[in-house]
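Note that this is a predicted model, so its numbers are computed, not measured.
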Amino acid sequence: MKKVMVLLCALMMLIGAAGCGSTSTKDAGKPAEKKELIVGTEPSFAPFEFPDKQSGEITGFDMDLIKAMGKRAGFEKVTVKGMGFDALIPALDAGNIDVAIAGMSITDARKQKVNFTDPYYESGLMAIVKKENTTIKSLDDLKGKTIAVQLGTTGAEAAGKIEGATVKTFDTSDTACLELKNGGADAVISDLPVLQYFLKQGGSAYAKAVGEPKKGDFYGIATAKKNKALCDKLNKALQDMKKDGEYQKIYDKWFK
C-alpha cells in the first residue's frame with residue numbers, strides 16, 4: 001500500500017511540474033517589457049544638449065523633451081549617454097542605445113540608416129566670422145576661405161560644397177568656434193540656434209553672424225531601423241505633448 005501511495009504522489013508531482021513547465025513556456029514567448037530608455041547624445045550642442053555648469057549633468061531642450069516623451073511612452077527611467085556625434089548611429093545599430101537625440105537633422109542619407117520620428121524642431125544653417133572681418137558678408141563670400149565645422153553635421157556638408165574652401169572638422173561646435181577665435185579659420189558654419197545661443201552666451205565678444213540663415217532644416221529623434229515600434233511610440237508621445245501644451249512649455253523654457 002505504501003508503494004502505491006508513493007507512486008501516486010510521484011505521479012502528481014510530475015503532473016504539477018509539467019503544468020508549471022507549460023505556463024513557463026507560454027510566458028517565455030512574450031518579450032519582457034523594457035522599463036529603461038537609453039538615450040545617446042553629443043553633449044556640446046547648447047541649448048539642445050550641454051553639461052550643466054553646477055551639476056555636470058547633461059541638460060538642454062533635447063534632454064527635457066526626450067525625458068518627457070520617454071515617460072509618456074511608458075518608460076520608468078531615461079538614462080542619457082554622451083558620445084561623439086558620429087558615434088550615435090553606429091551605437092543605435094549595435095543596440096548600445098535605444099534612441100539618439102542631438103539636434104540631428106533629418107536627411108535622406110541618414111534615413112537610409114535609421115528611423116526618424118516626426119520633426120520636433122525647425123532649424124537652419126548660419127555662418128559667423130570675427131567681428132573685425134569686413135570682407136565676408138554672406139555664405140557666397142566663403143569661396144576659397146577656411147571654414148571650421150563640426151564633424152558629421154549638415155554644416156560640414158554645406159561647407160564641403162563651397163568652391164575652393166578648406167574645411168576643418170572638429171568633434172564639437174564649441175571647438176570649431178574656438179578655432180575661429182584663435183585665427184585658424186575665417187568662418188564657422190553650424191546650426192542656426194546653436195550659433196545664436198553661442199553669440200548670446202559671450203561669443204559676440206569676438207564673433208558676429210553674416211548673411212541670411214538658411215532655413216528648412218528639421219531635427220528628428222532616431223531609432224534603429226529594426227526598432228520601428230519604439231519610433232511609433234515616441235511619435236505618439238510627441239503628438240500628445242503638442243496637443244496638451246507640454247511641448248510648448250519646454251520650447252518656451254529654452255527659446256522664448
Check whether any side-chain heavy atom of [X] sits under 4.5 Å from a side-chain heavy atom of [Y], and report yes or no.
X      : Y      : result
Met63  : Glu57  : no
Lys71  : Val78  : no
Val194 : Phe50  : no
Ile189 : Leu139 : yes
Gln248 : Asp252 : yes
Phe61  : Tyr197 : no

Least distance between heavy atoms, Phe45 atom then Ser190 atom:
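Scanning both residues completely, I find the closest heavy atoms to be CE1-OG, 4.4 Å.
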
Is the Phe48 ring parallel, tilted or perpendicular to the Tyr219 ring (thresholds 30°, 60°)?
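Answer is perpendicular, since the angle exceeds 60°.
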
Checking the side chain of [X] only, and the main-chain atoms of [Y] only, is there a donor and an acceptor separated by less than 3.5 Å?
X      : Y      : value
Lys67  : Asp62  : no
Thr153 : Gln150 : yes
Lys208 : Asn133 : yes

If you link ILVMFWY side chains whenever their heavy atoms are less than 4.5 Å apart, which other residues fall into the same cluster as Phe198? By chain and number, please.
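Its cluster mates, by chain and number, are Met126, Ile128, Leu180, Val188, Leu192, Leu195, Leu199, Tyr206.
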
For residues 161-169, please give each side-chain donor-acceptor pair under 3.5 Å, one per line with the distance, not counting sequence neighbours.
unit_1	atom_1	unit_2	atom_2	d
Lys168	NZ	Glu179	OE2	2.9
Lys168	NZ	Gly184	O	2.9

Any side-chain donor paired with an acceptor under 3.5 Å for Asn235 and Gln239?
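There is no such pair between these side chains.
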
Show every side-chain hydrogen bond (donor to acceptor under 3.5 Å, both in side chains) that has at least one partner inside residues 84-105, sequence neighbours left out.
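Sorted pair list: Lys34-Asp98, Ser105-Asp217.
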
Just one of Trp254, Phe255, Phe218 clears the ring-ring contact (aromatic ring centres under 6.0 Å, His included) bar with Tyr121, so which one?
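Going through the options one by one, the only one that passes is Phe255.
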
